[in-house]
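Numbering of ligands and ligand atoms starts at 1, following listing order.
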Amino acid sequence: MKQPKIIFVMGVSGSGKSTIGKLTAEKLGYSFFDGDHYHPKSNIDKMSKGIPLDDTDRRGWLETLNGLGREHRQNGAVIVCSALKSTYREILRAGIENSLFLFLKGTLDRINNRLSLRKGHFMPKELLQSQFETLEEPVDALVVSIDDTPEEIVHRAIHLLSN
Ligand SMILES: Nc1ncnc2c1ncn2[C@@H]1O[C@H](COP(=O)(O)OP(=O)(O)OP(=O)(O)O)[C@@H](O)[C@H]1O
Ligand SMILES: O=C(O)[C@H](O)[C@@H](O)[C@H](O)[C@H](O)CO
């Protein structure tokens, strides 16, 4: 496979997207963008109150991340985004031929445990159930299990990306 220039790291809240995405970008020498930093304040306020985002809330945010992908498609970027639905992934990858989704797959129990330990993040762990309900697992993504150390997960992801 020709190594993709834009890698979207996807999965439910707490699946490890920021952790794995940052390390993967470092290894590949790509820019790194964390989708969490591109939400409008209204979205952050909503999630902080424990209310899940809907399609309308997410639309502009997904378009912004697609714009980032288009901007960096020559030099390479890892972009972190939950990308829960197939229609969201269509928005994200629109016009970017050499893009790929890396799906971090884990169980609700395991992620719930990790979120119980995480401090200082706006996303309440009570929203995790709705993240799983919204998730449409991708059929055309690279899939890595989250049941390992971040270093091992990144090692496997890079192996998959370069084969
Ligand atoms: N492989 C791993 N093993 C153990 N802990 C991990 C692993 N990956 C991530 N974590 C921890 O799990 C928590 C969630 O990870 P992280 O914040 O990267 O997830 P996320 O998908 O970016 O979350 P969100 O979408 O809510 O921003 C963090 O406290 C992180 O340190
Ligand atoms: O689509 C969504 O519901 C949101 O994007 C969330 O997943 C957050 O961005 C983030 O992952 C929370 O930490």
Between Asn75 and Lys5, does the side chain to side chain contact (heavy atoms under 4.5 Å, CB included) criterion hold? Intermediate values first, please. CA-CA 7 Å; Asn75 296 326; Lys5 284 292 192 181; over 6 Å; no
Run the salt-bridge test on Arg89 and Asp140 with the 4.0 Å N-O cut-off and return the result as yes or no. no
Proximity flag Tyr88 to ligand 2, non-hydrogen atoms under 4.0 Å: no
Pair Val144-Glu152, side chain to side chain contact (heavy atoms under 4.5 Å, CB included): steps then yes or no: CA-CA 10 Å; Val144 280; Glu152 182 53 35; over 6 Å; no
Any heavy atom of Ser13 closer to ligand 2 than 4.0 angstrom? yes
Should Lys105 and Glu137 count as an ion pair when the cut-off is N to O under 4.0 Å? yes
The closest protein heavy-atom partner of atom 13 (O) of ligand 2 is His121 CE1, 3.0 Å
Under 3.5 Å: donor-acceptor pair, side chain of Arg73, backbone of Arg70: yes
With under 30° as parallel and over 60° as perpendicular, where do the rings of Tyr38 and Phe33 fit, or are they tilted in between? perpendicular
Any idea which protein heavy atom is nearest atom 4 (C) of ligand 2, and the distance to it? Ser82 OG, 3.7 Å
Between Asp36 and Lys17, does at least one N-O distance fall below 4.0 Å, as a salt bridge requires? no
Any nitrogen or oxygen of His39, main chain or side chain, under 3.5 Å from a nitrogen or oxygen of ligand 2? yes
Name all residues meeting the side chain to side chain donor-acceptor pair (under 3.5 Å) criterion together with Asp45; count only those two or more places apart in sequence or in a different chain, and write none if there are none. Lys41
So for Asn43 against ligand 2, with non-hydrogen atoms under 4.0 Å, the contacting part is neither
If you measure from atom 11 (O) of ligand 2 to every heavy atom of Lys17, Met10, Lys46, Met123, which option wins on shortest distance? Lys17
Distance filter under 4.0 Å to Arg58 heavy atoms, resulting ligand 2 atoms: 1 (O), 2 (C), 3 (O)
With a 3.5 Å cut-off and sequence neighbours excluded, list the donor-acceptor pairs that the side chains of residues 18-28 form with protein atoms.
from, atom 1, to, atom 2, distance (Å)
Ser18, OG, Asp34, OD2, 2.8
Thr24, OG1, Ile20, O, 2.7

Protein residues near ligand 1, heavy-atom distance below 4.0 Å? Val12, Ser13, Gly14, Ser15, Gly16, Lys17, Ser18, Thr19, Asp36, Arg114, Arg118, His121, Ile146, Asp148, Thr149, Pro150, Ile153
List the steps and the verdict of side chain to side chain contact (heavy atoms under 4.5 Å, CB included) for His72 and Tyr30. CA-CA 9 Å; His72 292 271; Tyr30 283 7; over 6 Å; no
Contact check: Arg118 vs ligand 2, nitrogen or oxygen atoms, below 3.5 angstrom: no
Give the residue and atom name of whichever protein heavy atom lies nearest to atom 10 (C) of ligand 2, and the separation in Å to one decimal. Asp36 OD1, 3.1 Å
Going by atom types only, do His39 and Asp57 share a side-chain donor-acceptor pair under 3.5 Å? no
Identify the closest protein heavy atom to atom 5 (O) of ligand 2: which residue and atom is it, and at what distance? Trp61 CH2, 3.0 Å
So, using ring pair (Phe, Tyr, Trp, His ring centres under 6.0 Å) as the criterion, who are the partners of Tyr88 when residues are at least two apart? none
What atoms in ligand 2 come closer than 4.0 Å to a heavy atom of Gln131? 2 (C), 3 (O), 6 (C), 7 (O)
